[in-house]
2 protein chains.
Amino acid sequence: MSLQLSVDRSSPVPLYFQLSQQLEAAIECGTLTPGSLLGNEIDLAARLGLSRPTVRQAIQSLVDKGLLVRRRGVGTQVVHSQVKRPLELSSLYDDLEAAGQCPATRVLGNTLVPASAEVAAALDVPEGSEVHRVERLRLAHGEPMAYLCNYLPTGLLDLETERLEATGLYRLMRAAGITLHSARQSVGARAATPAEGERFGESEGAPLLTMQRTTFDDTGRAVEFGTHTYRASRYSFEFQLLVRP
Amino acid sequence: MSLQLSVDRSSPVPLYFQLSQQLEAAIECGTLTPGSLLGNEIDLAARLGLSRPTVRQAIQSLVDKGLLVRRRGVGTQVVHSQVKRPLELSSLYDDLEAAGQCPATRVLGNTLVPASAEVAAALDVPEGSEVHRVERLRLAHGEPMAYLCNYLPTGLLDLETERLEATGLYRLMRAAGITLHSARQSVGARAATPAEGERFGESEGAPLLTMQRTTFDDTGRAVEFGTHTYRASRYSFEFQLLVRP
DNA sequence: GTCAATGGATTGTCCGGACAATCGGACTAC
DNA sequence: GTAGTCCGATTGTCCGGACAATCCATTGAC
């Protein structure tokens, strides 16, 4: 039952990473069934011609992803799963596209404004200093889905209205070399104002889903602050939380 | 400016963990300021009388937590922060208690029921098999905040109504030796039905925040499935998402 | 039959070293 | 002055080994 594992020492990709990828693929495609033991680390290392620390590093990365569980004195098992997917910093645009919803964006505003107290606090810039403000209406199949208002520090990337119409904000940021790391979110709900009702084609008082989010890059700097409003009848958040003990 | 670091080799707590805790404390209390270098790993190891792998393990755990950033050829820096807090699988009870809201619970039902198709799929048990169903009303300062309906597999823990009134479900699960690992959540909003309006002391049509959650333990088994309804005027979700690149 | 002691298996922790990859600044050439 | 090159510093990867801690099943005692 020992699955096919091998490493290419001439490849520039790290050995532990080659191994973890092969193991992940085996789990994904069902070759390694949930609950099955992985075989002890020593033998595995010997079979592959690797050292134990390297094998452990590969296994550890999958444990961190939640795909494997280690039990001292027992061995390493594949989790009973359903959990497979890693949690992602969800992008509304990508979500809609993945769901085949034909997302589109109408840019309502793209200007420089002085930072309000709230925005300044979120982005950690002086109050009153200039920041980008982008207001967008996100459509799916031509129907309005959400109203997005985002603030960004200046100098990080150039926000062309044309590009904002074509894709999502996160893709633009990644393309600009910003590595997104984490985000603090606050999700709530409230009734639509008359203006919002009209904007979304719903009646006044219709339930709306609201989100405020501050996104940080890998150095811990705030790179985006946004206030979003979604039609509750058309959208809900799906996400996964991990516990770090 | 080298800060005070030391390890106790006679302690049963792992050396790398002692070090990571001291570093985390130094970051938390501001001794290590955001953006400052940590000093190279070799010297750090020599100063502490540890090996480099041990020091690396300590640093790596903080990198995983998002407190440090490594840059090859540069060094290891403290992140520019605000992010400090680790993401937690939020417990409504703990959230309220931490906010000084005097949480209380009224158990409306605590019975065994046959699993519906939805519940069976979420918990990965046969449809129609018996599962626990717990219905609760969560109060803060005597005011109703949320209606919680949870399903749990049988045999995991004994759910005494008395205990459920005194604390949160997650605490009971942890106390029963279940190590929570991750959860899939879906958050939405809708208008209150007449019955819900009455239950919460709000009018019909008032916006409600809804959440469905399936929680998994460290072996990947589903240990809880719940449908919750919150008064949007009184509660919103705060959480943090991480990106795994 | 029940409970406690023993032992094998496996992961957890730690060491010391070696070389490669990458970054940033200093230096040089033009 | 500007661009390209070199070099030191630092982290990234990998090795091989040693012992401790823990789990599980078997064995043994009562």
Side-chain angles (χ1 to χ4, degrees), chain A residues 2 5-23 32 35-64 67-79 177 179 218-219 245, chain B residues 2 5-23 32 35-64 66-79 177 179 217-219 245:
Chain A
S2 66
L5 290 175
S6 61
V7 291
D8 174 10
R9 300 196 86 97
S10 67
S11 163
V13 23
L15 301 178
Y16 77 90
F17 194 73
Q18 293 183 36
L19 178 54
S20 73
Q21 278 190 318
Q22 290 180 41
L23 290 174
L32 281 173
S36 63
L37 270 319
L38 201 59
N40 76 59
E41 300 170 350
I42 317 267
D43 292 352
L44 200 53
R47 260 200 298 155
L48 290 166
L50 297 172
S51 71
R52 190 179 162 215
T54 302
V55 172
R56 274 183 70 78
Q57 193 173 1
I59 291 177
Q60 189 59 46
S61 71
L62 296 180
V63 171
D64 290 340
L67 293 173
L68 298 175
V69 202
R70 322 181 85 137
R71 294 192 180 285
R72 193 186 280 198
V74 181
T76 304
Q77 289 178 305
V78 181
V79 301
T179 58
D218 59 353
T219 71
Chain B
S2 65
L5 291 175
S6 61
V7 291
D8 175 10
R9 302 197 84 97
S10 66
S11 162
V13 22
L15 301 178
Y16 77 91
F17 194 72
Q18 293 183 37
L19 178 54
S20 74
Q21 277 191 316
Q22 289 180 41
L23 290 175
L32 282 174
S36 63
L37 272 317
L38 202 59
N40 77 59
E41 299 170 350
I42 317 267
D43 291 352
L44 199 55
R47 262 201 296 155
L48 290 165
L50 297 172
S51 71
R52 190 179 162 216
T54 303
V55 172
R56 275 183 68 80
Q57 194 173 359
I59 292 176
Q60 188 58 47
S61 71
L62 296 181
V63 171
D64 290 339
L67 293 173
L68 297 176
V69 201
R70 321 182 86 137
R71 296 191 180 285
R72 194 186 281 199
V74 181
T76 305
Q77 289 179 304
V78 181
V79 301
T179 58
D217 71 359
D218 58 354
T219 71

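We name chains A, B, ... by the order of the sequence lines, and we start the count at 1 in each one. Only a predicted model underlies this, so the values are computations on that prediction, with no experimental measurement involved.
- To the nearest angstrom, P of C/dT13 lies 14 Å from CG of B/L19.
- The distance from atom CG of B/D64 to atom CD of A/Q60, rounded to the nearest 0.5 Å, is 8.5 Å.
- Checked against B/D8 for a side chain to side chain donor-acceptor pair (under 3.5 Å), the options B/S6, B/S10, B/S11 give a single hit: B/S10.
- Side-chain atoms of A/T76 and A/L37, non-hydrogen and from C-beta on, never get closer than 4.5 Å to each other.
- A/L37 has its CG atom 11 Å from the P atom of D/dC24, to the nearest Å.
- Residue A/V78 comes nearest to A/L32 through the heavy atom pair CG2-CB, 4.0 Å, listed as atom of the first residue, atom of the second, then distance.
- To the nearest angstrom, C1' of D/dT13 lies 8 Å from CG of A/L15.
- Put simply, B/T76 has a side-chain N or O that comes within less than 4.0 Å of OP1 or OP2 on D/dT11.
- If you measure from atom CG of A/N40 to atom P of D/dT22, you get 20 Å, rounded to the nearest angstrom.
- Put simply, B/R9 has a side-chain N or O that comes within less than 4.0 Å of OP1 or OP2 on C/dC15.
- Of the residues in residues 50-62 of chain B, those placing a heavy atom less than 4.0 Å from an atom of DNA chain D are B/R52, B/R56, in numerical order.
- Heavy-atom distances to DNA chain C give each of A/I42 and B/Y16 a nearest nucleotide, and the one nearer the 5′ end belongs to A/I42.
- Side-chain contact between A/L50 and A/R9 is present, with heavy atoms from C-beta onward closer than 4.5 Å.
- Taking each heavy atom of A/V7 and A/Q18 in turn, the nearest pair found is CA-OE1, 3.4 Å.
- Between A/E41 and A/R70, the closest side-chain pair of non-hydrogen atoms falls below 4.5 Å.
- For the pair B/E41 CD and C/dG17 C1', the computed distance is 15 Å after rounding to whole Å.
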Using a 4.0 Å cut-off on protein heavy atoms (strictly under), produce a 5'-to-3' string for nucleotides 20-25 of chain C with B for base contact, S for backbone-only sugar-phosphate contact, and - for none. -BBBS-
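- Computed from coordinates, the B/Q18 CD to C/dG12 P distance equals 19 Å when rounded to whole Å.
- One atom, CG of A/D43, and another, C1' of C/dT10, lie 10 Å apart when rounded to the nearest Å.
- Atom CG of B/L67 sits about 10.0 Å away from atom CG of B/L23, to the nearest 0.5 Å.
- Taking the side chain as every heavy atom from C-beta outward, A/V55 and A/L19 approach each other to under 4.5 Å.
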